[in-house]
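In what follows, a structure is listed as structure tokens, so that the remarks can point back to it.
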There are 2 protein chains.
Amino acid sequence: MSATNTAVSPPVATPIPEGPCGDDDCGIRDVLDRIGDKWTVLVVVELAKGVRRFRELERAIPGISQRMLTVTTKRLWRDGLVERTVHPTIPPQVEYRLTATGRSLAGVVEGLADWSREHKDAIATARAHWDAEQESASPTGT
Amino acid sequence: MSATNTAVSPPVATPIPEGPCGDDDCGIRDVLDRIGDKWTVLVVVELAKGVRRFRELERAIPGISQRMLTVTTKRLWRDGLVERTVHPTIPPQVEYRLTATGRSLAGVVEGLADWSREHKDAIATARAHWDAEQESASPTGT
DNA sequence: CGGGATCCCAAAGGATACTG
DNA sequence: CAGTATCCTTTGGGATCCCG
């Protein structure tokens with residue numbers, strides 16, 4: 001099958017680059033490649049609250065498409081950050097829960113959220129200020 | 001070794017205010033929109049080491065294009081995370097340095113890097129396991 | 001040196017339809 | 001319910017040229 005595009009099936013080729021620390025990278029790229037996408041951390045945060053089924057996650061994370069939820073959970077599962085329990089009932093029931101590694105990630109992500117809450121006002125202010133300056137510096141005409 | 005949580009040491013006690021964090025987002029999206037791109041944190045980490053000129057940053061961060069460095073630094077500047085000092089000499093000289101907010105972000109990012117270093121092996125292993133299982137579960141051709 | 005402006009491509013992600 | 005397969009739009013970001 002010639003997959004023209006990135007579908008849901010192949011998360012197969014995602015290299016884990018080497019992170020030489022002490023000089024530049026530190027392996028930060030590695031983390032960001034893992035959690036820097038649009039939904040991963042939200043799923044992790046939600047799962048940090050307890051076991052969730054697919055639908056529950058979908059409802060708990062407003063705006064996520066079911067495709068992205070599938071992709072994201074699969075990726076987390078693959079990386080050993082979540083466990084996936086399938087109950088072969090009808091209708092099917094699948095439970096997701098964080099592994100120990102996943103929980104540690106949730107802890108770190110807390111630090112991010114914390115930082116965000118602390119500084120988001122300052123950032124918004126700085127941004128507004130900057131925008132004002134730029135506008136007065138380069139008036140667009142009319 | 002591990003900065004499991006709040007790694008930034010806020011000047012005033014921030015005991016996780018109110019509870020938007022008990023329902024969904026937490027404001028994590030906000031952080032990720034800011035640092036989730038390809039270069040921002042690398043620039044922040046580099047600037048955490050001291051004042052840098054444009055060229056110095058470019059050389060310190062292998063792979064970055066000068067356009068992305070411009071975009072990234074400007075974004076950080078706009079958000080009040082870096083200061084930008086222009087020396088109107090010939091040739092021009094522009095210095096970048098982290099603001100207090102920027103430094104606090106660098107601290108948080110340290111937590112991420114920390115987590116990455118701790119768990120990257122486990123993740124790589126889990127991933128290899130997963131891939132093996134999936135391959136044996138859906139043989140592509142043989 | 002330190003950018004700004006443009007072009008262009010690749011990847012991420014949203015919408016929808018189908019299945020067990 | 002819990003996915004999978006496709007299609008299509010949006011965005012990120014690399015390459016290149018030009019300018020003060």
Side-chain angles (χ1 to χ4, degrees), chain A residues 1-15 29 32-43 46-47 51-78 82-97 134 137-138 140, chain B residues 29 32-43 47 51-78 82-97 134 137-138 140:
Chain A
M1 66 147 113
S2 23
T4 17
N5 208 341
T6 313
V8 67
S9 340
V12 194
T14 312
R29 288 295 286 279
L32 289 178
D33 285 348
R34 179 151 294 100
I35 72 167
D37 69 322
K38 197 170 181 180
W39 302 109
T40 293
V41 295
L42 295 185
V43 171
E46 181 59 28
L47 286 178
V51 179
R52 293 289 187 273
R53 296 178 53 179
F54 190 88
R55 268 291 194 182
E56 291 176 329
L57 283 175
E58 196 171 5
R59 270 183 256 112
I61 306 175
I64 194 171
S65 65
Q66 117 271 52
R67 182 178 97 82
M68 284 317 294
L69 182 54
T70 303
V71 169
T72 304
T73 52
K74 181 182 285 187
R75 204 175 287 169
L76 286 168
W77 176 38
R78 183 188 180 218
V82 308
E83 258 175 35
R84 188 170 171 274
T85 311
V86 181
H87 300 282
T89 60
I90 294 183
Q93 178 168 350
V94 180
E95 288 176 350
Y96 295 92
R97 86 189 61 213
Q134 297 307 306
S138 72
T140 331
Chain B
R29 286 296 285 279
L32 289 177
D33 286 348
R34 180 150 293 101
I35 72 167
D37 70 322
K38 197 171 181 180
W39 303 108
T40 293
V41 294
L42 295 185
V43 171
L47 286 179
V51 179
R52 293 289 187 273
R53 295 179 54 181
F54 190 87
R55 268 294 193 182
E56 292 176 330
L57 282 174
E58 196 171 5
R59 271 184 257 111
I61 305 174
I64 195 171
S65 65
Q66 125 271 44
R67 176 182 174 275
M68 284 317 295
L69 183 54
T70 302
V71 169
T72 303
T73 51
K74 178 182 286 186
R75 201 175 288 169
L76 287 168
W77 176 38
R78 182 186 181 221
V82 307
E83 255 175 38
R84 187 169 172 277
T85 311
V86 180
H87 300 281
T89 60
I90 294 183
Q93 177 168 352
V94 181
E95 289 176 349
Y96 295 93
R97 85 188 62 215
Q134 297 308 306
S138 71
T140 333

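Throughout, protein chains are lettered first and strands after them, A, B, ... in sequence-line order, and every chain is numbered starting at 1. In this text, all values refer to a predicted model and were calculated from it rather than measured experimentally.
The phosphate of D/dA2 (OP1 or OP2) has no side-chain N or O of A/W77 nearer than 4.0 angstrom. Between A/Y96 and D/dG3, a side-chain N or O to OP1/OP2 separation shorter than 4.0 Å is present. A sub-4.0 Å separation between OP1 or OP2 of D/dA2 and a side-chain N or O of A/R55 is absent. Distances shorter than 4.0 Å separate some side-chain N or O of A/K38 from OP1 or OP2 on C/dG14.
How far CG of B/L42 is from CZ of A/R29: 5.5 Å, rounded to the nearest 0.5 Å.
The interatomic distance linking B/L42 (CG) with D/dG13 (P) rounds to 11 Å, in whole Å. Distance, A/L69 CG to D/dC1 C1': 12 Å, rounded to whole Å. Across the protein-nucleic acid pair, B/Q134 atom CD and D/dG3 atom P stand 12 Å apart, rounded to whole Å. The distance between atom CG of B/D33 and atom P of D/dT11, rounded to the nearest whole Å, is 12 Å. Here D/dT10 presents its C1' atom at 16 Å from CG of A/D37, a figure rounded to the nearest Å. Rounding to whole angstrom units, CD1 of residue A/I64 and P of C/dG14 are separated by 8 Å. The distance between atom CZ of B/R75 and atom P of C/dG3, rounded to the nearest whole Å, is 15 Å. The nearest whole Å value for the distance from the CD atom in B/E58 to the P atom in D/dG13 is 16 Å.
With the end axes of the helix from C/dC1-D/dG20 to C/dG20-D/dC1 each set by five pairs, the angle from one to the other reads 40° at 10° resolution.
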Practice problem: Show your working on side-chain contact (heavy atoms from CB on, under 4.5 Å) between A/R59 and A/F54 and close with a plain yes or no. | Solution: CA-CA 9 Å; A/R59 270 183 256 112; A/F54 190 88; over 6 Å; no
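Nearest to the side chain of B/F54, among C/dC1, D/dG14, C/dG3, sits C/dG3.
Scanning for side chain to side chain contact (heavy atoms under 4.5 Å, CB included) contacts around A/L32 gives A/I28, B/V41, with sequence neighbours left out. Every residue two or more places apart in sequence or in another chain that forms a side-chain hydrogen bond (donor to acceptor under 3.5 Å, both in side chains) with B/R84 is listed here: B/Y96. Annotation: side-chain hydrogen bond (donor to acceptor under 3.5 Å, both in side chains) contacts of B/R53 (sequence neighbours excluded): none. Checked against side chain to side chain contact (heavy atoms under 4.5 Å, CB included), A/R52 has the following partners two or more places apart in sequence or in another chain: A/E46, A/L47, A/K49, A/E56, A/L57. Listed by chain and number, the residues in a salt bridge (charged side-chain N to carboxylate O under 4.0 Å, His left out) with A/R55 are A/E58 (sequence neighbours excluded). Scored by the side chain to side chain contact (heavy atoms under 4.5 Å, CB included) test, B/R97 finds B/V51, B/E83, B/T85, B/E95 as partners (sequence neighbours excluded).
Closest of all the heavy-atom pairs between A/P88 and A/V86 is CD-O, 3.5 Å. When all heavy atoms of A/T73 and A/V82 are compared, the pair lying nearest together is O-CG2, 3.9 Å.
At a non-hydrogen distance threshold of 4.0 Å, A/P91, A/P92, A/Q93, A/V94 from residues 85-94 of chain A come into contact with DNA chain D.
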Self-check item: Letter per nucleotide, 5' to 3', of nucleotides 4-10 of chain C [B base touched, S only sugar-phosphate touched, - untouched; heavy atoms, 4.0 Å]
Solution: B-B----
Side-chain atoms of residues 61-72 of chain B: list all donor-acceptor pairs with protein atoms under 3.5 Å, sequence neighbours left out, distances to 0.1 Å.
from  : atom 1 : to    : atom 2 : distance (Å)
B/S65 : OG     : B/M68 : N      : 3.2
B/T70 : OG1    : B/Q66 : O      : 2.8
B/T72 : OG1    : B/M68 : O      : 2.6

